[in-house]
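Side-chain atoms are counted along with the backbone in the values below, which use heavy atoms only and exclude waters and symmetry mates. The chains referred to below are lettered A, B, ... by the order of the sequence lines, with proteins before strands, and numbering in each begins at 1.
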Number of protein chains: 2
Amino acid sequence: MHPEVKELLRKSKMRLTAPRLAVLDVLEHEGKHRDAEFIAAAARRRLKLSRQAVYDNLNALVAAGIIRRIEPAGRPALYETRVGDNHHHLICRRCYATVDIDCAVGHAPCLQPSEDHGFVIDEAEVVYWGLCPTCQQNS
Amino acid sequence: MHPEVKELLRKSKMRLTAPRLAVLDVLEHEGKHRDAEFIAAAARRRLKLSRQAVYDNLNALVAAGIIRRIEPAGRPALYETRVGDNHHHLICRRCYATVDIDCAVGHAPCLQPSEDHGFVIDEAEVVYWGLCPTCQQNS
DNA sequence: ATGATATCTGTACAAAGTACAGATAAGAGT
DNA sequence: ACTCTTATCTGTACTTTGTACAGATATCAT
């Protein structure tokens, strides 16, 4: 576990409980984009914990800005530790492999639609859909 | 009901059943972005039909490219009749009002991420999140 | 060490959508 | 118009993903 993670938790006044650290450890060491089910299963290899604890922790960490949730259409939510840069995602339609994409149009990207309709916009969520190299071959 | 809609159905070799026409009629005349529950309720003011018929028809129409489904994070899916231009959406975080956004970067937009990782990309889904004018006032 | 309360457990519940079997009816062919 | 094929519809049961709630536990401040 990276020590700076514990710093982040303390800064957010969150307790350093074993289930919380386990959830973060899974995200740091067992894949960059994982759903709650995977995180629960992996965390249970370290300790015993309930489904509710997994969801509570994921929600608390998202609220604190320590992890980020993405919700691809028709799929369970995924969680990742890369936060703060509002990067985007590219997902395979067949196997759902997910990779990060830096924004193509500069630094604070995509927050400028052609017409804002009077809205105050704070986020642009972008998901690219396609076929990953492996699934292209097996088609 | 616009006559061209029936043409579209025939072109797709889909039967013109009353439930199917009712679903399309709701989307044409009772709001541009509606979820399955709303569509079912509105269609039931015209005729009696089951939940399954609503979902089956929506799925069939999406598959035929006659309507489009969008799935905002944490919300039920919305359906719209504007298809073929891959436009985007702007959604209010508080009241979930949803408006269409033309793509800011040209004609076949957003299909060029900074790095494609070998994927063959066929769609870029963009959702802008913010506060609509009404909700800005009531905050 | 002690206490306040954030967190965890476990069960029940909820929302959104799908599976399946049998009944019905739309459209093709006569 | 009549019949047939089969797409579509109905209704119930089920699935997935996630939340609500009450009570037990354990973390951190003091």
Side-chain angles (χ1 to χ4, degrees), chain A residues 1 5-26 33-44 46-64 66-79 96 98, chain B residues 1 5-26 33-44 46-64 66-79 96 98:
Chain A
M1 171 82 51
V5 166
K6 297 189 179 177
E7 277 313 302
L8 284 173
L9 289 172
R10 288 208 186 85
K11 249 181 247 169
S12 303
K13 304 214 167 125
M14 299 174 75
R15 293 184 178 171
L16 282 66
T17 65
R20 179 161 295 157
L21 295 173
V23 163
L24 282 167
D25 190 60
V26 169
H33 306 95
R34 296 302 192 187
D35 63 22
E37 208 51 48
F38 179 96
I39 293 165
R44 287 195 182 107
R46 294 164 172 71
L47 49 81
K48 176 173 167 301
L49 86 173
S50 69
R51 173 213 318 243
Q52 194 59 45
V54 175
Y55 278 104
D56 283 353
N57 276 305
L58 290 171
N59 286 337
L61 291 166
V62 168
I66 295 172
I67 65 175
R68 181 174 159 197
R69 169 168 42 222
I70 61 175
E71 301 184 44
R75 304 287 306 166
L78 301 177
Y79 299 87
Y96 303 107
T98 303
Chain B
M1 170 82 52
V5 167
K6 296 189 179 179
E7 276 314 301
L8 283 173
L9 289 172
R10 289 207 186 86
K11 249 182 244 167
S12 302
K13 305 215 166 123
M14 299 174 77
R15 292 183 181 173
L16 280 67
T17 66
R20 178 163 296 156
L21 295 173
V23 162
L24 282 167
D25 191 58
V26 170
H33 306 95
R34 295 303 191 187
D35 63 21
E37 208 52 47
F38 179 96
I39 294 165
R44 287 195 182 107
R46 294 164 172 71
L47 49 81
K48 177 173 168 300
L49 85 174
S50 69
R51 172 212 319 242
Q52 195 58 46
V54 174
Y55 278 105
D56 283 354
N57 275 306
L58 289 170
N59 286 335
L61 291 166
V62 168
I66 294 171
I67 66 175
R68 182 173 157 195
R69 169 168 41 222
I70 61 176
E71 301 184 45
R75 304 288 305 166
L78 302 177
Y79 298 87
Y96 302 107
T98 302

[N], OP1 or OP2 - any side-chain N/O from [X] closer than 4.0 Å?
| X | N | value |
| --- | --- | --- |
| B:Asn59 | C:dT18 | yes |
| B:Lys6 | C:dA26 | no |
| A:Thr17 | C:dC8 | yes |
| A:Arg51 | C:dG10 | no |

Of the candidate nucleotides [options], which contains the atom at the shortest distance from the side chain of [X]?
| X | options | value |
| --- | --- | --- |
| A:Ala53 | C:dC8, C:dA26, C:dT18 | C:dC8 |
| B:Tyr55 | D:dG11, C:dT9, C:dG17 | C:dG17 |
| B:Gln52 | C:dC8, C:dA19, C:dT11 | C:dA19 |
| B:Asp56 | D:dT10, C:dT9, D:dG18 | D:dT10 |
| B:Arg15 | D:dT8, D:dA20, C:dG17 | D:dT8 |

What is the distance, to the nearest angstrom, from the [atom1] atom on [X] to the [atom2] atom on [N]?
| X | N | atom1 | atom2 | value |
| --- | --- | --- | --- | --- |
| B:Leu16 | C:dA25 | CG | P | 17 Å |
| B:Leu47 | D:dT8 | CG | C1' | 13 Å |
| A:Arg69 | D:dG18 | CZ | C1' | 10 Å |
| A:Lys13 | D:dT27 | NZ | C1' | 16 Å |
| A:Leu49 | D:dA26 | CG | P | 14 Å |
| B:Asn57 | C:dA26 | CG | C1' | 13 Å |
| B:Ile70 | C:dA16 | CD1 | C1' | 16 Å |
| B:Leu58 | C:dG17 | CG | C1' | 11 Å |

Where [X] and [Y] come nearest, the two heavy atoms and their spacing:
| X | Y | answer |
| --- | --- | --- |
| B:Val62 | B:Arg68 | CG2-C, 4.4 Å |
| A:Ala36 | A:Val54 | O-CG1, 4.0 Å |
| B:Arg15 | B:Arg20 | O-NH1, 3.0 Å |
| B:Ala43 | B:Leu49 | CB-CD2, 4.0 Å |

NA contact type, B:Lys48, heavy-atom cut-off 4.0 Å: base, sugar-phosphate, or nothing?
-> sugar-phosphate
Beyond-backbone contact of B:Ile66 with B:Leu24, side-chain heavy atoms, under 4.5 angstrom | yes
Side chains of B:Leu61 and B:Met14: closer than 4.5 Å at any heavy-atom pair?
-> yes
By nearest nucleotide on DNA chain D, pick out whichever of B:Ala60 and A:Ala36 is the more 5' one.
-> B:Ala60
Of B:Ala77 and A:Ala18, the one whose nearest nucleotide on DNA chain C sits closer to the 5' end is A:Ala18
Decide yes or no, distance alone: a donor-acceptor N/O pair under 3.5 angstrom between the base of C:dA15 and the side-chain of B:Glu37.
-> no
